[in-house]
Amino acid sequence: MTDRDAAGLAALGIDIGGTKVAGGVVAPDGTIVATARRATPGASVSDTEDAIAAVVEELSDAHAGELVGVGVGAAGWFDRTGDTVLFSPHLAWRNSTLRKDLAVRLQRPLWVGNDADAAAWAEYRYGAARGADLALMVTLGTGIGGGMVLDGRLRRGSHGVAGEWGHMRVVPDGRLCACGNRGCWEQYASGTALAQTAREVARTSRAAAGRLLERVDGDADRLTGEDVAALAADGDPLALELVTDVGQWLGQGIADLAAILDPEVVVIGGGVSKLGEMVLAPARQRLDRALPGRGFRPGPRVVVAELGAHAGIVGAADLVRLAVSEGDA
Ligand SMILES: [Zn+2]
């Protein structure tokens with residue numbers, strides 16, 4: 001195979017989260033033609049690699065000869081080369097040589113990197129950020145992930161860890177974060193933040209939180225972001241207020257990102273993005289008010305991701321295809 005042929009071949013994309021390894025065979029036009037998944041045994045590095053190898057084996061058995069390589073996006077911080085996972089809040093990796101281990105096991109061309117970076121690339125290539133000069137991805141899940149595409153390239157910073165917007169400090173000495181700091185953006189504008197604020201309110205204002213508490217037999221500590229989302233969709237005033245609050249925090253953070261990077265578009269993905277305009281409308285309102293130099297400069301478009309839960313798979317697959325076609329995998 002010549003490098004140029006790679007652009008016309010399917011690739012295998014893998015997305016590793018805290019609970020599952022999901023994989024897909026992805027055609028050059030971004031469509032997924034087959035999928036497989038395994039549970040992630042998060043406590044052990046070698047068990048996680050076993051799960052990755054099992055997904056690759058299952059998918060490549062049915063598509064042998066058509067696959068250009070394997071792209072792996074994982075919920076962790078990578079060094080610039082993608083060789084080493086420096087840290088992963090929800091998985092066992094600490095300075096782990098994931099890329100080398102997978103190269104030995106899989107014997108295929110590889111791209112290895114951050115899952116939100118892969119999702120950002122997918123949205124740039126096939127989704128809501130198609131063709132943008134500078135696109136930012138903000139994924140709202142357990143935390144806030146991020147990625148940046150500038151001038152047609154994924155940008156990962158000097159040390160590989162750019163785009164961790166979730167750890168901008170938005171509240172001095174605020175809520176404690178898994179990164180070791182306090183007051184990080186993801187403590188106020190993620191799915192976890194939605195649940196935490198709901199629990200705080202439900203403990204102190206049990207009457208106002210009546211419908212929320214009904215869902216968890218009166219035990220405020222069991223409230224999740226999904227509980228709040230479901231009631232907000234049903235028009236519950238308190239749930240709507242909590243979702244609006246997350247949206248306003250989201251807009252404030254985007255204004256700060258716009259002050260630094262001046263993006264054309266900010267794509268909102270992850271579980272919380274399923275709330276759509278309930279979160280995005282207050283986010284845009286806050287952005288309009290908080291954008292530095294407002295009224296005298298354009299701001300970014302704020303849109304929902306188009307590729308949904310499969311963005312990480314699609315992006316990782318396309319990134320290995322790109323790497324092979326450039327002789328770099
Ligand atoms: Zn943090």
Side-chain angles (χ1 to χ4, degrees), residues 15-19 40 42-43 73-80 84-96 98 113-120 136-148 154-200 221 223-225 228 242-243 245-261 263 266-273 275 279 283 286-287 290 302 305 312:
D15 187 14
I16 306 168
T19 58
T40 309
W77 296 7
F78 287 79
D79 71 354
R80 189 181 164 83
T84 304
V85 194
L86 303 171
F87 171 69
S88 175
H90 307 291
L91 293 159
W93 292 311
R94 301 288 183 272
N95 284 310
S96 301
L98 177 64
N114 176 266
D115 56 349
D117 278 343
L136 303 183
M137 181 89 198
V138 177
T139 58
L140 306 175
T142 309
I144 293 181
M148 170 168 49
L154 185 62
R155 303 294 179 181
R156 303 164 72 190
S158 298
H159 308 97
V161 290
E164 292 295 336
W165 343 115
H167 303 284
M168 294 192 295
R169 189 173 80 154
V170 296
V171 177
D173 301 320
R175 289 174 176 167
L176 188 62
C177 181
C179 75
N181 290 335
R182 283 186 177 275
C184 294
W185 191 27
E186 71 176 35
Q187 297 304 317
Y188 299 87
S190 63
T192 306
L194 188 60
Q196 182 167 349
T197 310
R199 288 179 208 134
E200 287 170 6
D221 290 342
L223 280 169
T224 65
V228 185
L242 294 169
V243 168
D245 188 54
V246 162
Q248 287 172 344
W249 277 115
L250 177 63
Q252 179 64 52
I254 292 170
D256 295 340
L257 290 176
I260 302 165
L261 294 165
V266 178
V267 181
I268 310 298
V272 176
S273 70
L275 290 164
V279 163
R286 174 58 69 92
L287 169 62
V302 178

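Note that this is a predicted model, so its numbers are computed, not measured. Read the numbers this way: they start at 1 and go in the same order the structure lists the ligands and their atoms.
Scanning both residues, I144 and E164, for their nearest heavy atoms gives O-OE1, 4.5 Å. For the pair C179 and C184, the tightest heavy-atom approach, listed with the atom from each and the gap, is SG-SG, 3.7 Å.
Neighbours of the Zn ion (ligand 1) restricted to protein N, O or S atoms under 2.8 Å: the count is 4.
Checking T197 against R175 by side-chain atom types alone, a donor-acceptor pair falls below 3.5 Å.
No more than 12 heavy atoms of other residues, nucleotides or ligands lie within 6.0 Å of CZ in R80, so this atom counts as exposed by the packing criterion.
Side-chain N or O atoms of D15 include none that pairs as donor or acceptor with a backbone N or O of G312 at under 3.5 Å.
A heavy-atom distance below 4.5 Å is found between the side chains of V170 and W249.
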